[in-house]
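Working notes, structure below.
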Amino acid sequence: MLALRWFRRYKVFFLIGFLIVAAQIFLAYKLLKIPVSGSGSTEERDLSKRLYEKYVRKVAGGSNLSADDEDPGQQQQVQRIPAGREPKKVESGGRTFLNVAELEFVVPCDIHSKETISAIHRAKSQECKRQIVDIACAIQSGRFYPKSLPNYCPSGDYVPSRSLGCFQDEKNFRILSGYYTNFKTTNSPKRCIQLCLQSGFLYGGVQYSSECFCGDEPPKASAKLPDSSCNMKCSGDPKEACGGYFTANVYETGIAKFSAQTTEITTKAGVEPARIVFLLTLNGRALRQVHRLLRTLYSPKHYYFIHIDSRQHYLYRELLKLEQHFPNIRLSRTRWSTIWGGASLLQMLLSCMEHLLREVPEWDWDFVLNLSESDFPVKTLDKLVRFLSANRGRNFVRSHGREVQRFIQKQGLDRTFVECDNHMWRIGDRVLPAGVQIDGGSDWICLSRDFARYVTTGDDLIRGLLVIFRQTILPAESFFHTVLRNSEFCNSYVDNNLHVTNWKRRLGCKCQYKQIVDWCGCSPNDFKPDDWAKLQGTESKQFYFARKFEPIINQEVILQLEEWVHGPYSADYPNLHSYWQNFYHYRDDPEDVATLGVAYSLLRINANAKFSAFQEPFRIRELNHFLERDRYRGFLVQYEASLVDGRTLTVETRIQPNISAQVAKSASLGRRLTALEVSTDYDQKEQTTRNLQRIIGTNSDLILIFRLAAASKSTPQDKNTTSHALTVLWIDPRGEISDTGELTIEDNPAGPPENLVHFSKAANLRHPLQTGIWTAKLIGTSNKKVVLGVTRFLVTGGDSDGTTKEQLDALVQQFYTVRESCWVGGERNAESGVEGLEECSGTSWSSFAPDPKSDIYTAAVGYQVPSVGGGW
């Protein structure tokens, strides 16, 4: 009781004393940087995690990227399960177990990383699982990655790790102001110097035990202090000093200041014109656009080496025909599966360059420049040749233009990836080798012959970097840049890849590639007429190509660009606004059962309704999309039909898909619905379906796509952004609800057009889907439930699901209309003999109609491509 009375009497003094002690503890923490955890993660890592949590996991939530649930900076404790036992679930402590029972081989080490275990379990093939295990075990053993690499770029008088002494720093005027980070528990001069060198800085400085600063300017001599003024122990090595309170130990990193080379504009008299190898790395089925690109670039003075993705058999077969007509066009026989972000892209580029140097010695070239089917010139070939002729020996790459450490984290360069099963699997963190600067940006490059020879011949630097970049996503975006910065070619670096790219990151950074890579990457958008100002802006700049272009998305902008560069087409130019693109060939494998089932059904319907002379069996040869003035005009079925007189006739028929949709005009949001359809293969970046033919199979993923009209000028009160809660009902042919989806859209009627397109994916449908007519309903639920729109669509498995031909035909003709047919002329068929059937070459819609804008064969006769202005 006495103590209690004493406490009450002096409680004010106790309170003051407590506050003083608390304040001292707080100041000690701030001044001495007492570590709060043993994680050793930097502020950059923490920032990266916060950005990742905000922008990546929120978008990709619920996907198969189970490793994303982990803090990348933390490794989880892992135990292995003996064969024959079931794997336990992840415990609350974060431990994960590898189920070796699913593996057909012996795991040679204990796997420590949860990301690795996730990748092993998600990989489909045993060979892929083995590859992941082998690389993970090699990394754990410390014998996989090089710890340091040589730097052959001349460094002048700079010496690695040479101490300049202790210097006074200032809060508002840092002596090293290029970059800052805080290694709370791992700082040391060695670590700070390596980080600054990696980031391309000349100087590194340690301060206040845990802080690391980088910069390009040496500290002033007037700021020099006695070494004893830098007396705080390093957070990562107490045997070394890491500065003090606003004092820093400063060191040279050992590299010279880097400056990208400027370029010459005019060619000196007597200089031979540069010869270029256009390395075309192609994917997809846009054959006519490839021909159009080649037609624009073609000259007998240059060379064209074409690599086609190993999965694209149609494009390979068709372009192989070019070799018979053009001695300076060749296709690579070694083909890679170049998935988005895959390490194989770099291997493909190096393989092609090595082939050009070793196997085609008669090609005398100065530069190799890579392009895709999505590139198109913004200047004439002559202008490109003049520019490169004036800059022989230089190497053209585009750098990222941001802080190096942020770039490393954004690109995932500090992570290990394994490519197999056409997927890039992330299996854990890694430390990049010491001694080299890291750089990167764009994988579209223009390299000199000497540099191409260097990267394909190799030395210790090349061999070490290849180990790194074989386990990297998007490796071609960093490999050549990093080699240039650290090799004897460092003074040939030009920060310009000769391209302008159409970046719209709000649309292009939506993790649309998460099914093929454990990362959230970004991809540029296609140019459209609305982007014309960007293309016009290249006129006064040293840009010679732009990307991306897809005529299946928009051909008008390609035509506009072509006429801007070369002059207008003639007024009577045939089929100038038409475009055809193949999506099936009879030699393709495997066959698309749903697509072929619908196509054969339409041929039967056409024969019964219009051409009784046609008899089964029909033999489909090709299916092609047809667009005119960027409007989809249907798909074309090219097939062989048996006639009653015993002959076989090649015929092409145009089919128009019908979209069956109704909108509620009584609802304000319903009145603004201009499109409501169900499709598959939705491209978030371009906000359109790639399934233009609208054929939906039983294993398809269903997506409801709807577009809202912009606000009328007469209703300014409707132009504010509002939120709408919506529900999507998926109703099967039996009338039962098979799935529901909830979404909220932010609606700004006066905003950009891309803000008015929305979609909802059916996430919980059971496959295979029931065949028949389905219904999707879009319901507004913000205030009260109201049906905004209803659309019907057909799901079919062809006739392989037990549906009779008669039943299938009855369903198909509700959703497709047969428009017109023509016959393919030739020596075998001098005439069709079928009333009402015109010849295909005389139509404007058939794939056999004239298309000279994509006819490289006719245009290059005599190896001279006429100009547009002269009338192609």
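Sequence positions, counted from 1, serve as the residue numbers for this chain. Just so you know, these numbers come straight off a predicted model, no measurement behind them.
Ring orientation note: the planes of Trp340 and Tyr513 are close to parallel, at an angle under 30° on the 30°/60° scale. Using cut-offs of 30° and 60° on the angle between ring planes, the pair His291 and Tyr857 is perpendicular. Between Phe614 and Phe611, the ring-plane angle classifies as parallel under the 30° and 60° cut-offs.
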Return all side-chain donor-acceptor pairs below 3.5 angstrom for residues 592-600, not counting sequence neighbours, or 'none' if the list is empty.
unit_1, atom_1, unit_2, atom_2, d
Asp592, OD1, Ala594, N, 3.2
Asp592, OD1, Thr595, N, 3.1
Asp592, OD1, Thr595, OG1, 3.4
Asp592, OD2, Thr595, OG1, 2.8
Tyr600, OH, Ile620, N, 3.3

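Formation of a donor-acceptor pair under 3.5 Å by the Trp580 side chain with backbone atoms of Ser846 is found in this model. Between the Arg819 side chain and the Thr817 main chain, no donor and acceptor come within less than 3.5 Å of each other. In terms of modelled atom types and a separation under 3.5 Å, the side chain of Asp421 and the main chain of Lys124 share a donor-acceptor contact.
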Check step by step if side chain to side chain donor-acceptor pair (under 3.5 Å) holds for Asp732 and Ser738. CA-CA 6 Å; Asp732 67 20; Ser738 292; 3.3 Å; yes
Could you go step by step and tell me if Ile655 and Leu636 meet the side-chain contact (heavy atoms from CB on, under 4.5 Å) rule? CA-CA 6 Å; Ile655 309 297; Leu636 311 179; over 6 Å; no
Does the pair Arg672 and Asp747 meet the rule for a salt bridge (Lys or Arg N to Asp or Glu O under 4.0 Å), with working shown? CA-CA 11 Å; Arg672 289 179 48 217; Asp747 177 31; 2.6 Å; yes
Apply salt bridge (Lys or Arg N to Asp or Glu O under 4.0 Å) to the pair Asp855 and Lys853, showing each step before the final yes or no. CA-CA 6 Å; Asp855 186 357; Lys853 66 182 181 298; over 6 Å; no
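Other residues, nucleotides and ligands place no more than 12 heavy atoms under 6.0 Å from the CZ atom of Arg631. The environment of Arg671 atom CZ is dense: over 12 non-hydrogen atoms of other residues, nucleotides or ligands sit within 6.0 angstrom. Within a 6.0 Å radius of NZ in Lys761, no more than 12 heavy atoms belonging to other residues, nucleotides or ligands are found. Counting non-hydrogen atoms of other residues, nucleotides and ligands closer than 6.0 Å to CZ of Arg335 gives a total above 12.
Looking only at atom types and distance, the side chain of Asn606 has a donor-acceptor partner in the side chain of Ser821 under 3.5 Å away.
Among residues two or more places apart in sequence or in another chain, the salt bridge (charged side-chain N to carboxylate O under 4.0 Å, His left out) test is passed with Arg690 by Glu550, Asp683. With sequence neighbours left out, the side chain to side chain contact (heavy atoms under 4.5 Å, CB included) criterion links Glu318 to Leu287, Tyr314, Lys321. Residues satisfying the side chain to side chain donor-acceptor pair (under 3.5 Å) criterion with Tyr816, sequence neighbours excluded, are absent altogether. For Asp588, the side chain to side chain donor-acceptor pair (under 3.5 Å) partners at least two apart in sequence or on another chain are Arg285.
Salt-bridge check for Glu556 with Arg629: failed, with every basic side-chain N at 4.0 Å or more from each acidic carboxylate O. A salt bridge links Glu616 to Lys805: one of the charged nitrogens lies within less than 4.0 Å of a carboxylate oxygen.
The six-membered or imidazole ring of Tyr579 lies away from that of Phe626, with a centre-to-centre distance of 6.0 Å or more.
Each ring-ring contact (aromatic ring centres under 6.0 Å, His included) pair with one or both residues in residues 682-707, not counting sequence neighbours, appears once here: Tyr682-Phe759, Phe706-His758.
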